[in-house]
Asker: 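Sharing a structure here in structure tokens format.
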Amino acid sequence: MIRTRQKSVILRTLELSRHCRNRRTPSESCGYVQRYDCLRAILIIIAALFVAGCEPGATPRFADFHPVADYRSAGELRVATRVDPASYRSNGDGKASGFDHDLLQKLGEHLGVPVRFVLFPDATRTLEAVIRGQVHLAAAGVGRNDRLPLTWTSPLREVDYVIVGRSDNPEFIEERALVGRTVSVRHGSLAADYLNQVRKRVSDLNLHFPANAADAHLLDELAQGRLDLVATDRVHFALAAQTSPNLSVVFDLPVSSTVGWALPPDAKNGLATEIEAFLAGARTDDTLARLSDRYFGHIRRLDDTAVTTFLARIQARLPRYRPHFQEAQARTGIDWRFLAALAYQESHWDPLATSWSGVRGMMMLTSETADRLGVRDRLDPRESILGGARYFAMLREQLPDNVREPDRSWMAAAAYNLGMGHMNGARTIAQRMGKNNTSWLDMKAVLPLMSRPEYANRLKAGAARGGEAVIMAENIRNYHDILVRLEGAYVPPLQPAGLKLGAAAKAPPPSDG
């Protein structure tokens with residue numbers, strides 16, 4: 001007797017077969033691509049049908065791959081994902097991060113098992129891995145699509161879809177402007193489904209479904225002039241615009257969805273129930289909100305001109321000072337790219353920079369701070385970088401142990417501008433307001449209040465430009481993200497002789513910079 005899951009697979013196969021036979025395309029080339037995609041999907045689902053009947057213990061080959069064991073029996077949670085700036089990224093130092101990555105690590109802690117990430121080349125293959133039974137779930141930053149034979153978790157975040165062009169493309173508000181244009185889009189996405197409907201109304205619209213359909217890759221190809229237009233979601237566009245400021249949204253698609261994790265179609269209990277209980281807790285304790293802010297809260301704060309200037313100075317100025325930043329990392333343990341981002345925010349990597357308040361140099365140190373740090377010449381780029389790195393490290397060390405990374409570094413970056421006295425005052429105000437003073441998400445809402453008399457009067461140090469400190473820290477986050485994507489990590493040799501941070505190191509007075 002055919003099991004329920006096998007019945008659903010057969011029905012889905014027949015549905016796709018009819019879909020492939022009836023689909024009409026405006027161009028022969030597009031037709032070949034779409035018919036290939038349909039047949040490929042049918043073969044995958046047929047394979048899944050046979051997979052479901054494999055004997056336990058069979059060799060895990062494509063032809064007879066049996067479903068992965070329950071996560072408790074397997075002793076791990078096996079997750080299909082893809083390298084993607086929104087969900088799973090490599091930091092260049094052997095460590096991974098990303099919205100889905102970090103949330104899944106917390107899920108693993110909740111379940112009491114380690115998480116094993118299995119990387120696939122694109123989102124489609126992560127979903128195929130779920131259907132085949134190779135993994136427990138797929139987490140690849142994919143918008144929920146109920147047309148696929150999968151079970152989706154409750155929403156993790158919302159997404160809306162856009163068509164992206166280059167800055168020399170004018171924006172348009174009517175579909176008719178797509179006549180004669182070619183839109184590249186990931187096959188199977190909601191944007192692709194909608195554009196297939198648009199093509200019935202705009203007969204000369206060409207749809208392109210590339211083999212390598214990762215959103216980041218398509219947007220990079222678009223930025224380099226190899227594609228005409230790309231349909232993607234707004235988050236992927238914003239992340240791509242961090243390093244490709246010549247991209248712009250030309251049309252808002254009337255399509256929105258939610259990002260979720262995909263489980264097998266019959267996963268109604270067991271793991272699915274455990275995940276929903278975990279997600280309910282993550283919403284209650286603001287874990288989801290903090291992760292969303294960590295990875296998406298700061299993007300698009302820099303305008304196109306600022307990004308273009310920064311990218312140009314990475315090429316023109318950074319090579320001269322890269323060894324000094326790397327030396328500072330070796331001395332303090334702080335990623336050189338974060339220190340470079342901090343320095344760029346302070347001086348745009350200008351060693352002779354001077355502000356009206358008297359702070360000077362690459363890291364914009366006051367004369368008093370420089371004296372206490374042993375910086376003899378604030379205009380010497382190496383001395384300034386090493387001194388500023390040490391000062392930042394001291395500020396970061398002064399924060400309580402319950403302030404965790406990366407919030408710790410972002411709060412220290414704000415303190416670099418305000419001084420730790422004002423930061424501690426702001427943390428006290430946050431606590432009195434019932435906010436979490438260990439979370440950057442809450443603190444960046446409190447810091448701007450420090451310029452208001454009703455709050456400034458409560459501070460020993462008086463009023464402060466807390467809003468400027470937030471902008472500075474958020475800019476540093478953007479610059480750091482860009483540098484992590486463009487510049488490699490540095491593995492320092494043995495600890496160099498000279499300046500080291502001792503356990504009893506005393507921080508200098510707050511900087512005015």
Side-chain angles (χ1 to χ4, degrees), residues 89-93 95-99 101-102 105 242 287 289-299 301-302 325-326 328-347 362-365 369 385-424 426-427 430 436-447 466 468-485 487 489-490 492 501 505 507-508 510-511 513:
R89 63 179 76 168
S90 173
N91 297 335
D93 54 2
K95 297 179 181 179
S97 62
F99 176 84
H101 172 274
D102 291 5
Q105 293 287 22
Q242 284 185 310
T287 295
R290 289 196 297 272
L291 284 177
S292 293
D293 178 71
R294 177 179 301 178
Y295 289 104
F296 313 124
H298 60 292
I299 56 178
R301 283 185 174 270
L302 302 176
F325 289 119
Q326 292 176 343
Q329 174 186 324
R331 293 175 181 271
T332 64
I334 300 168
D335 189 309
W336 77 270
R337 296 165 294 188
F338 189 95
L339 296 173
L342 173 60
Y344 186 82
Q345 173 61 31
E346 290 294 314
S347 68
M362 181 80 76
M363 303 295 280
M364 298 297 273
L365 301 173
T369 298
I385 290 169
L386 296 181
R390 185 185 182 193
Y391 178 51
F392 177 80
M394 288 176 169
L395 291 170
R396 196 172 65 167
E397 285 188 350
Q398 289 183 70
L399 289 165
D401 292 340
N402 60 347
V403 180
R404 304 296 181 85
E405 289 291 354
D407 300 58
R408 191 179 190 87
S409 288
W410 299 336
M411 290 169 66
Y416 194 98
N417 177 269
L418 285 174
M420 188 53 73
H422 279 119
M423 175 57 69
N424 287 335
R427 295 186 67 247
N436 183 358
N437 65 4
T438 69
S439 165
W440 176 245
L441 177 62
D442 282 5
M443 288 304 301
K444 70 179 183 179
V446 172
L447 283 166
E468 292 182 15
V470 171
I471 293 171
M472 169 186 166
E474 296 290 275
N475 286 349
I476 291 170
R477 292 174 65 185
N478 268 293
Y479 295 138
H480 178 238
D481 277 0
I482 294 171
L483 286 171
V484 166
R485 292 162 68 179
E487 296 284 336
Y490 174 65
L501 286 176
S511 168

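Side chains are part of it too, since the values below use all heavy atoms of this structure and drop only hydrogens, waters and symmetry mates.
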Asker: Give the minimum heavy-atom separation between Arg427 and Asn437, together with the two atoms involved.
Answerer: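 Residues Arg427 and Asn437, closest heavy atoms: NE-O, 3.0 Å.
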Asker: Looking at residues at least two apart in the chain, or sitting in another chain, which of them share a side-chain contact (heavy atoms from CB on, under 4.5 Å) with Ala426?
Answerer: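 Checked Ala426 against side-chain contact (heavy atoms from CB on, under 4.5 Å); matches are Met443, Leu447, Met450.
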Asker: Would you please name every residue forming a side-chain contact (heavy atoms from CB on, under 4.5 Å) with Glu487, sequence neighbours left out?
Answerer: Ile314, Leu318, Arg322, Trp336, Arg337, Leu483
Asker: So, does Arg408 use its side chain to make a donor-acceptor pair with the main chain of Leu399 at under 3.5 Å?
Answerer: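 At least one qualifying donor-acceptor pair exists.
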Asker: With sequence neighbours excluded, tell me which residues meet side-chain contact (heavy atoms from CB on, under 4.5 Å) with Ser347.
Answerer: Ala353, Met362, Met364
Asker: Would you say Asn402 has more than 12 foreign heavy atoms packed within less than 6.0 Å of its CG?
Answerer: yes
Asker: Mind checking what makes salt bridge (charged side-chain N to carboxylate O under 4.0 Å, His left out) contact with Asp442, not counting sequence neighbours?
Answerer: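 If we apply the salt bridge (charged side-chain N to carboxylate O under 4.0 Å, His left out) test to Asp442, skipping adjacent residues, there are no hits.
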Asker: I'd like to check Leu342 versus Met472 (side-chain heavy atoms, cut-off strictly below 4.5 Å). Are they in contact?
Answerer: yes
Asker: Is Arg89 reaching over with its side chain to a backbone N or O of Gly98, donor-acceptor style, under 3.5 angstrom?
Answerer: no
Asker: If you compare all heavy atoms of Pro492 against all heavy atoms of Ala330, which two are closest, and at what distance to 0.1 Å?
Answerer: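 That closest heavy-atom pairing would be CB-CB, 3.6 Å.
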Asker: If every non-hydrogen atom of Ala414 is compared with every non-hydrogen atom of Met423, which pair is closest and at what distance?
Answerer: CB-CE, 3.6 Å
Asker: Specify whether Phe338 and His480 have parallel, tilted or perpendicular ring planes, treating 30° as the upper limit for parallel and 60° as the lower limit for perpendicular.
Answerer: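 Ring orientation, 0 to 90° scale: perpendicular.
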Asker: For a 4.5 angstrom cut-off between non-hydrogen side-chain atoms, does Tyr416 reach Glu346?
Answerer: yes
Asker: Could you tell me which non-hydrogen atom of Ser292 sits nearest to which non-hydrogen atom of Phe99, and how far apart they are?
Answerer: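 Taking every non-hydrogen atom into account, OG-CE1, 3.5 Å.
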Asker: To the nearest 0.5 Å, what is the distance between OH (Tyr391) and OG1 (Thr369)?
Answerer: 5.5 Å
Asker: Tell me, please, which residues at least two apart from Asp407 pass side-chain hydrogen bond (donor to acceptor under 3.5 Å, both in side chains).
Answerer: none
Asker: Would you name the heavy atoms of Leu365 and Gly387 that are closest together and state the gap between them?
Answerer: CD1-C, 4.4 Å
Asker: Filter on salt bridge (Lys or Arg N to Asp or Glu O under 4.0 Å), then keep only pairs touching residues 471-480, sequence neighbours left out; what's left?
Answerer: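 Listed once each, the pairs are Asp293-Arg477, Arg301-Glu474, Lys444-Glu474, Glu474-Arg477.
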Asker: Holding to side-chain hydrogen bond (donor to acceptor under 3.5 Å, both in side chains), I want the full list of residues that pass it with Tyr295, two or more places apart in sequence or in another chain.
Answerer: Asp102
Asker: With Ala328, which residues qualify under side-chain contact (heavy atoms from CB on, under 4.5 Å), at least two apart?
Answerer: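 Result, side-chain contact (heavy atoms from CB on, under 4.5 Å) vs Ala328: Leu339, Ile385, Leu386, Ala389.
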Asker: Check side-chain hydrogen bond (donor to acceptor under 3.5 Å, both in side chains) between Thr438 and all other residues, then give those that pass, not counting sequence neighbours.
Answerer: Asn436
Asker: Output all residues satisfying side-chain hydrogen bond (donor to acceptor under 3.5 Å, both in side chains) with Arg485, sequence neighbours left out; order by chain, then residue number.
Answerer: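 Residues passing side-chain hydrogen bond (donor to acceptor under 3.5 Å, both in side chains) with Arg485: Gln242.
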Asker: Could you list the residues that satisfy salt bridge (charged side-chain N to carboxylate O under 4.0 Å, His left out) with Arg396, not counting sequence neighbours?
Answerer: Glu405
Asker: Could you pull out all residues at least two apart from Tyr479 that satisfy ring-ring contact (aromatic ring centres under 6.0 Å, His included)?
Answerer: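 ring-ring contact (aromatic ring centres under 6.0 Å, His included) check on Tyr479 returns Phe310, Tyr344.
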Asker: Which pair of heavy atoms, one from Ile476 and one from Ala413, lies closest together, and at what distance?
Answerer: CD1-CB, 4.0 Å
